[in-house]
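Worksheet: the structure to be examined is printed underneath.
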Amino acid sequence: MPELPEVERARRRLEQLAKGKRIKKVLANEDTIVYSGVTHAGFATACEGKIVKAVKRKGKNFYLVLSEKTTPIFHFGMSGTAIVKGEAGPIYRAPRAKTEPCIWPPKYAKAVLTFADAETGEEVGDWAFCDARRLGRIKLIEAEVPEEVPPLSTLGADPFLDMPSVEVLAAALIKRHAPIKAVLLDQNGPLCGIGNWMVDEILYQARLHPSHPSSALTLEEVTTLHHHIRDVTVVACAVNADAAQFPSHWLFSFRWGKGKKEKDFILPSGEKTAIKFVTVGGRTSAVIEAVQKLPKGVVQKTKAAVKKGKGKRKAKEESEEEGEEEDEEENEEKNGDESERGEEKVTREKATSPYFDERVKLDDRAMAEALPLSPSFKLPLDLSPTKPRASTRASRSRAV
DNA sequence: ACTAGACGACGGG
DNA sequence: CCCGTCTTCTAGT
C-alpha cells in the first residue's frame, strides 16, 4: 500500500541499510515499463560503485542521494514494494502478501542492490525493488539538486516533512473547483503523498464528503481538514505504516474488500452504520454518510452510467437504481459561467468561497484545539494505539 | 473457472 | 477536468 506512510517506511529501512555505504553491485532485470528514461543496464551502471549519502523521500517518491549528480529515484505505483534480504516483505494489512521467507532474489524483483561498507568492502545487505503490476517506476535524475527538477520539483508540499499552514492550505484549496478528494489526490496540487486510502480516512475524520467542492470550503472546514491531514499522516508514520496499529476508530480496517455494496462500520459513539462506496475522481471512495454530508446545493453526480466502461453496459435495468437521486437540476445557478472562463476567473473564484477571508490569521494550534467536532465524535488528540516506543518519533509531540 | 477491483499517474477528449 | 488505460495479481462469486 504505497502511500506516504508506506513509502516513508521503505525509506527508513533503506536508509538504515544503505546510508554511508557503497552500492557494490546492482542486479537489474529488464523491464521497459518500470525503467523509465533509462534502461535496466544503464541504471545498474549509474549506481554501481557509488556511495549513498542520504535516502530521501518526497510524497510517494524516494531516492538515493549519491556521491555524484545522478540520483536514482523510485516510485511504487500500485503494487510496488521493497524487500531486504533475509527479512519478510512488509505486510501492511492482513491478510495479504504471503511473503515467502527468504527466496532471493524475490519474485518480481526489478532491481536488487547489494550494499557494502565503503572502506572494507564487506557486504552489509541486499535490497530489492519489486513490482508485480509494473506500474511502479525507476528513474534517474540528472541534476545538481534533484529536488529542483521534475518529478520532484512539481510536487505539492509533503504533509509529513513540510505541512503548510492553515492559511496557505486554504488559499490553495479554494482556487480549485474540483471535488476536495480530487484536489488532495493531485500530487502536483497543494499536497503530495496522499493516496486513496489516506484521503478517504482524512475526509471521514474531517467529516467532509469527498465530492465537496474544494472551492466551497469554509475556513473552519479547512482548519479541521488541515488537522486531520496532519493527524492521519503523522500517526500512520509513527506506527511505521503498520495497519494493525492504526487507531481502531479509523475507517481503514473497515474499508477493504468492497465486494459487497456496503460494509458495517462502528462509529466511535458505538452506533453501527454503513460504509457506502461511491466513485469520486475515478476512484472508489469509502464514505460514512452519517457524518460526511454534502453542502447544500451540491448533489452527488451518481450517474448510473459510471459502471464499467467496456461493453458492460447493462441495457436498462434502471428499475433497481432508485437508491440514487436523479435530481441533478442545479448545483449552482449563480455562476453564469457560460460567458467566459478566461477573463473574470479571479473574481469568480472568490465569489464561490464567500466564507474565506484572507485577512484572517489563525494560530494553528489554537484552532486545532477548538475543532468543531460533535461531542459524540470527539477524537482523541492523544492518539492512543501508538506504543510507548519513542525512538523515531521526534516530530510527534508538536504535531497536529 | 471467471472476473471485478486494487494502495497510481498520465494522456486524451 | 473526468475517464480510460496501462498491467497483473487476488479475492469473491
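Being a predicted model, the structure only gives us computed values, none of them experimental. Values below: all heavy atoms of this structure, side chains included; hydrogens, waters and symmetry mates excluded. The sequence lines fix the lettering, A, B, ..., with proteins before strands; numbering per chain opens at 1.
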Less than 6.0 angstrom separating the ring centers of [X] and [Y], yes or no?
X      : Y      : value
A:F74  : A:Y63  : no
A:W256 : A:F252 : yes
A:Y204 : A:F265 : yes

What is the distance from [atom1] of [X] to [atom2] of [N], rounded to the nearest Å?
X      : N      : atom1 : atom2 : result
A:K107 : C:dT8  : NZ    : C1'   : 11 Å
A:F277 : C:dG12 : CZ    : C1'   : 14 Å
A:W256 : C:dA11 : CH2   : P     : 13 Å
A:R134 : C:dT8  : CZ    : P     : 5 Å
A:M78  : B:dA6  : CE    : C1'   : 5 Å
A:Y108 : C:dC9  : OH    : C1'   : 6 Å
A:N196 : B:dA6  : CG    : P     : 8 Å
A:K110 : C:dT8  : NZ    : C1'   : 10 Å

Side chain of A:A178 - closest among B:dG8, C:dC2, C:dT8: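 Selected nucleotide (nearest to the side chain): C:dC2.
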From the options C:dC2, C:dT7, B:dG8, select the nucleotide whose nearest atom is closest to the side chain of A:A182. C:dC2
Could you pull out the protein-nucleic contacts involving nucleotides 9-13 of chain B (nitrogen or oxygen on both sides, under 3.5 Å)?
{"residue": "B:dA9", "atom": "OP1", "partner": "A:H75", "partner atom": "NE2", "Å": "2.4"}
{"residue": "B:dA9", "atom": "OP2", "partner": "A:K60", "partner atom": "NZ", "Å": "2.8"}

Establish, with yes or no, whether the OP1 or OP2 oxygen of C:dT8 is under 4.0 angstrom from a side-chain nitrogen or oxygen of A:S79.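 Checking A:S79 against C:dT8: no side-chain N or O falls below 4.0 Å of OP1 or OP2.
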A:N196 and A:K181: side chain donor to acceptor below 3.5 Å: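 Note: A:N196 and A:K181 side chains meet the donor-acceptor criterion.
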With side chains defined as the heavy atoms from C-beta onward, is the minimum distance between A:I138 and A:P72 less than 4.5 Å? no
Beyond-backbone contact of A:R255 with A:W197, side-chain heavy atoms, under 4.5 angstrom: yes
[N] to [M] separation - [atom1] atoms, rounded to the nearest Å:
N     : M      : atom1 : result
C:dC3 : B:dG5  : P     : 16 Å
B:dA4 : C:dG4  : P     : 14 Å
C:dC9 : B:dC10 : C1'   : 22 Å

Can you tell whether the side chains of A:E8 and A:R11 come within less than 4.0 Å, N to carboxylate O?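 The answer is yes: the pair qualifies as a salt bridge.
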Write down the partner of C:dT7 under the Watson-Crick or G-U wobble criteria, each distance required to be under 3.5 Å.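 For C:dT7, the partner nucleotide comes out as none, under the 3.5 Å rule.
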